[in-house]
Asks: 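Mind having a look at this structure? Questions to follow.
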Amino acid sequence: MTTTPPGGPRIAQVGAVSLGTPDLEKSLHFFRDLLGMEEVERIGDTSYLRGYQELKHHSLVLFSSAEAVVDSYSFRVARPQDVELFHQQLIAQEVEAVELPSGHQAGRGTATRFLLPHSEHPFELYYDIDAPQAPEEIRSKLPSNSSRRRGLGVRRIDHFNVQAAPEHLGAAEGWLRESFGFKRREFVHVPEANNMLVASWLSVTPQVHDLAIAVSADGKNAQMHHVAFNLENHSDVLVAADVLRDHDVTFDLGPGKHGVSQAMYLYLRDPGSGHRVELYAGSYHIFDPDWKALEWTPAMEWGATWYGDPLEIGPDSSMMSSTNSSPLASVLEKGTAKS
Ligand SMILES: [Fe+2]
């Protein structure tokens, strides 16, 4: 395992998720018309969207696909050279990585794509990305907003929550910390079972998590649990719940509030794809450089739900993902192999 050296490449933030949907129009209706995201660009059967507080080109890619799949979880790196430096680091670690050309995702520069060691989630790293102005009719007067707040007010992507097989979770989470510089902020483990890791909330920013990784309910690697989008206030989550009930959107859980992260949540399903989406607001931020990861056990049920419907942190069929990520073969199809 290689430790990211001081001055070495760094992950800066969550970038975008790319989701395949069997019903692109229905998914677009959900994300664009109901949640209020801006459709920045559409190329063929692929659409690029962003929240009203995102100045860069996109944070969500929707593309037509026979099945609901996750094509990639993208992270933006801190400096232009970090794409290549991470690529070299991956090769040195004998992790198969391919280079994606500029424009592989519209508006984006070159990227490196690989499967997360031990858990097989398809990750992409990039730096360059356009920052197009919104059309005048929806442009905000506020320079920090790309467009006016619309719909239910999704302002940005917030985090990814992915799952790994129990026997691989610890190694995958350790790799993220050692090789990618993620900090463990809160975690659930089982002291009676050799401190087996159940879930970990990791970040490279002051957020409690940019990425959560947890044990898979059905023991499989490479599963998405959900992708979360940020709303400004707790009350926005309640308004979203009220409005979306009237649009026959399936709720998995909530609204409620987590103990871990202290965020207000609503888990629901994109009606076009069935992908699980979390609407997320609140939470706290971490500025302490000496932050010690907060320890939870499954018996502390208020970690999952501070208030609202109970949520099992461990296996729970109601919270299982229906989506599998791309296999390695797809990774190699996506770009040009680079030695
Ligand atoms: Fe979440």
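Counting from 1, the numbers follow the sequence of the chain as shown. Both ligands and their constituent atoms are indexed starting at 1 by order of listing. All figures in this text were calculated on a predicted structure; none of them were measured in a lab. Scope of the values below: all heavy atoms of this structure, side chains included, with no hydrogens, waters or symmetry mates.
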Asks: Can you confirm if the NZ or CZ of Arg76 lies within 45° of the ring axis of Tyr127 and under 6.0 Å from the centre of its six-membered ring?
Replies: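 Judged by the rule, Arg76 and Tyr127 form a cation-pi pair.
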Asks: Under 2.8 Å from the Fe ion (ligand 1), which protein N/O/S atoms are there?
Replies: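 The answer is His159 NE2, His226 NE2, Glu278 OE1.
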Asks: Please check if any side-chain donor atom of His87 sits under 3.5 Å from a side-chain acceptor atom of Glu99, or the reverse.
Replies: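 Side chains of His87 and Glu99: no pair found under 3.5 Å.
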Asks: Does anything in residues 237-256 form a ring pair (Phe, Tyr, Trp, His ring centres under 6.0 Å)? List the pairs, not counting sequence neighbours.
Replies: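 For residues 237-256: none.
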Asks: Give a yes or no on whether the ring-centroid distance for Phe75 and Phe160 is below 6.0 angstrom.
Replies: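 Yes: the rings meet the under 6.0 Å criterion.
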Asks: Do you know which of Glu173, Arg177, His209, Arg185 makes side-chain hydrogen bond (donor to acceptor under 3.5 Å, both in side chains) with Ser200?
Replies: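 Of the listed residues Glu173, Arg177, His209, Arg185, the side-chain hydrogen bond (donor to acceptor under 3.5 Å, both in side chains) partner of Ser200 is Glu173.
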Asks: Between Gln105 and His58, is there a side-chain donor-acceptor contact under 3.5 Å, judged purely by atom types and distance?
Replies: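 Judged by distance alone, the side chains do pair up.
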